[in-house]
S.K.: 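First the structure, then my questions, so here it is.
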There are 2 protein chains.
Amino acid sequence: MLTVTELARQTDTTPHAVRYYTRKGLLQPVRHPENNYRLYKPSEVRWLKFVRQAKALGYTLAEIRAIMLDADKGQSPCPRVREILLKHIEENRRQLEILMSLQKRMEFALKQWADMPDGVPDGHSVCHLIESSTDDKKGELQ
Amino acid sequence: MLTVTELARQTDTTPHAVRYYTRKGLLQPVRHPENNYRLYKPSEVRWLKFVRQAKALGYTLAEIRAIMLDADKGQSPCPRVREILLKHIEENRRQLEILMSLQKRMEFALKQWADMPDGVPDGHSVCHLIESSTDDKKGELQ
DNA sequence: CTACAGCCTATACCTTAGGCACAGGTCAAG
DNA sequence: CTTGACCTGTGCCTAAGGTATAGGCTGTAG
């Protein structure tokens, strides 16, 4: 049986993250009856490595939990795994477009501002730089 | 004097967002002595439009507040505004690289999985799809 | 006159994935 | 015996609001 720190070390995480995953239901340790420490079965190392792998692929903890529940019921989680990946690819594409649009707006403003002097607040203007920026599509910023 | 809903309507926001900005110190309404409603001066419309403009350029509320404090002290906020924009352009570039790397990983996995059958959990594997994914650079995911 | 609908207000809790801080417990070295 | 290092636990904090709940106002229909 492993303590949080031992488990964290074997999976390249922090003890706090291990406790967090536990709170989220991704790990089920037992408690040491004397000091109340979390104690993990050695097989949890494999589970946790799976979690890290899935996270690196963009899966959220809630999605990973759903995948685990599939597996716990003996069902193949693979259909769900494929479906979530497709959704993420779409979402990420949208997010990339938003950030690229923001990047363009910022770089355009930077260029525009290069020739403008600093102004002093005069009561009807806070910062003319920002106020001068054309506000086309804002794009939700997530 | 405007109520939250009137102010929100004139600036294309929601009443809740107006209250949130107020809590964050970006607006300073007085309170109606009878019903405790927030009451905003008509000039706050211009302030709030400035906030929306800055947000569209990627500024955070905390940064906008710092800019306003500059202006309140009679200092030109423009140097700070330029400096923050540069920082954001750098940060956003990093974030874009992270998301593009994730997008590549996801699309690679999708292609790789196309030829793989669904598996049933067998005790030493949760989902071979995810487990088969090569985990090169994860890139922090923000 | 009152019941109800609709709109307004206020506060409080929820979100992600942990980071950070604090208080207490255990162990070996000095 | 005490000190320091290391471990544990819990609880608060994040950005920018969304959503839910509870209460107050007015207009109208019965």
Side-chain angles (χ1 to χ4, degrees), chain A residues 1-27 29-40 48 51-66 84 87-88 91-92 95 98-99 102 138-142, chain B residues 1-27 29-40 48 51-66 84 87-88 91-92 95 98-99 102 138-142:
Chain A
M1 300 294 253
L2 309 163
T3 65
V4 282
T5 303
E6 288 161 359
L7 180 56
R9 268 203 264 265
Q10 291 193 32
T11 51
D12 193 34
T13 47
T14 68
H16 190 80
V18 169
R19 295 191 188 100
Y20 181 68
Y21 296 161
T22 304
R23 208 163 41 248
K24 286 289 155 180
L26 296 172
L27 297 167
V30 296
R31 294 290 192 147
H32 192 291
E34 287 186 12
N35 51 20
N36 201 33
Y37 291 179
R38 294 166 180 87
L39 293 176
Y40 299 87
L48 188 41
V51 171
R52 302 295 288 178
Q53 192 93 6
K55 256 179 56 63
L57 263 178
Y59 290 78
T60 69
L61 296 184
E63 288 161 351
I64 296 169
R65 179 145 199 271
I84 296 175
K87 195 187 63 178
H88 283 175
E91 278 172 3
N92 202 48
Q95 186 66 14
I98 289 171
L99 291 189
L102 172 61
K138 335 213 158 178
E140 295 311 313
L141 283 188
Q142 100 210 2
Chain B
M1 299 296 254
L2 309 163
T3 65
V4 281
T5 303
E6 288 161 358
L7 180 56
R9 267 203 264 266
Q10 292 192 32
T11 51
D12 193 35
T13 47
T14 68
H16 190 80
V18 169
R19 295 192 187 98
Y20 182 67
Y21 297 160
T22 303
R23 209 165 34 252
K24 287 290 156 179
L26 296 172
L27 297 167
V30 296
R31 293 291 191 148
H32 192 292
E34 287 185 12
N35 52 20
N36 200 33
Y37 291 179
R38 294 167 180 86
L39 292 177
Y40 298 87
L48 187 41
V51 171
R52 301 297 287 178
Q53 192 92 6
K55 255 178 57 63
L57 263 178
Y59 289 78
T60 70
L61 296 184
E63 288 161 349
I64 296 169
R65 180 143 199 272
I84 296 175
K87 194 188 64 181
H88 283 175
E91 277 172 4
N92 202 49
Q95 186 66 13
I98 289 172
L99 290 190
L102 173 61
K138 335 213 157 176
E140 294 312 312
L141 283 187
Q142 105 208 0

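Per chain, numbering begins at 1; letters A, B, ... match sequence-line order. Side-chain atoms are counted along with the backbone in the values below, which use heavy atoms only and exclude waters and symmetry mates.
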S.K.: Would you say C:dT16 has OP1 or OP2 under 4.0 Å from some side-chain N or O of A:Lys24?
M.R.: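 A:Lys24 to C:dT16 OP1/OP2: no side-chain N or O under 4.0 Å.
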S.K.: Working to the nearest 0.5 Å, report the span between CE of A:Met1 and CG of A:Leu7.
M.R.: 11.5 Å
S.K.: Looking at A:Lys87, I'd like to know if its NZ atom is crowded, meaning that more than 12 non-hydrogen atoms belonging to other residues, nucleotides or ligands lie closer than 6.0 Å.
M.R.: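 Yes, NZ of A:Lys87 has more than 12 neighbouring heavy atoms, counting only those of other groups under 6.0 Å.
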S.K.: Would you kindly give the CD-to-P distance between B:Gln95 and C:dT16, to the nearest whole Å?
M.R.: 17 Å
S.K.: How long is the straight-line distance from OG1 of B:Thr14 back to OH of B:Tyr20, given to the nearest 0.5 Å?
M.R.: 12.0 Å
S.K.: Which distance, rounded to the nearest 0.5 Å, do you find between the CG of A:Leu26 and the OG1 of A:Thr22?
M.R.: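 Between A:Leu26 CG and A:Thr22 OG1, I get 8.0 Å after rounding to 0.5 Å.
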S.K.: As an exercise, state the distance from OG1 of B:Thr13 to CZ of B:Arg19, rounded to the nearest 0.5 Å.
M.R.: 11.0 Å
S.K.: How long is the line joining CG of A:Leu61 and C1' of C:dT16, in whole Å?
M.R.: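 Roughly 8 Å, once rounded to whole Å.
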S.K.: Are any protein N/O atoms closer than 3.5 Å to N/O atoms in nucleotides 19-25 of chain C? If there are, list each pair with its distance.
M.R.:
{"unit_1": "C:dG19", "atom_1": "N7", "unit_2": "A:His16", "atom_2": "NE2", "d": "3.0"}
{"unit_1": "C:dG19", "atom_1": "O6", "unit_2": "A:His16", "atom_2": "NE2", "d": "3.2"}
{"unit_1": "C:dC20", "atom_1": "N4", "unit_2": "A:His16", "atom_2": "ND1", "d": "2.9"}
{"unit_1": "C:dC20", "atom_1": "N4", "unit_2": "A:His16", "atom_2": "NE2", "d": "3.4"}

S.K.: What is the nucleic acid contact for A:Arg65, judged by heavy atoms within less than 4.0 Å: base, sugar-phosphate only, or nothing?
M.R.: nothing
S.K.: Between A:Leu99 and B:Gln95, is there a side-chain heavy-atom distance shorter than 4.5 Å?
M.R.: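 B:Gln95 reaches A:Leu99 side chain to side chain.
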S.K.: Quick check for you: name the first and last nucleotides of DNA chain D, 5' to 3', having an atom under 4.0 Å from a heavy atom of chain A.
M.R.: D:dC7 to D:dG11
S.K.: C:dC7 C1' sits how many Å from B:Glu6 CD, rounded?
M.R.: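 For the pair B:Glu6 CD and C:dC7 C1', the rounded distance is 13 Å.
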S.K.: Do you see a donor-acceptor pair shorter than 3.5 Å between the side chains of B:Arg65 and B:Tyr59?
M.R.: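 Checked: B:Arg65/B:Tyr59 side chains show no N/O donor-acceptor pair below 3.5 Å.
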S.K.: What integer distance in Å separates A:Glu63:CD from C:dT15:P?
M.R.: 15 Å
S.K.: Please state how far atom CD in B:Glu34 lies from atom C1' in C:dC8, giving the value in whole angstrom units.
M.R.: 16 Å
S.K.: Applying side chain to side chain donor-acceptor pair (under 3.5 Å), name anything that partners A:Asn36, two or more places apart in sequence or on another chain.
M.R.: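 A:Asn36 satisfies side chain to side chain donor-acceptor pair (under 3.5 Å) with no other residue.
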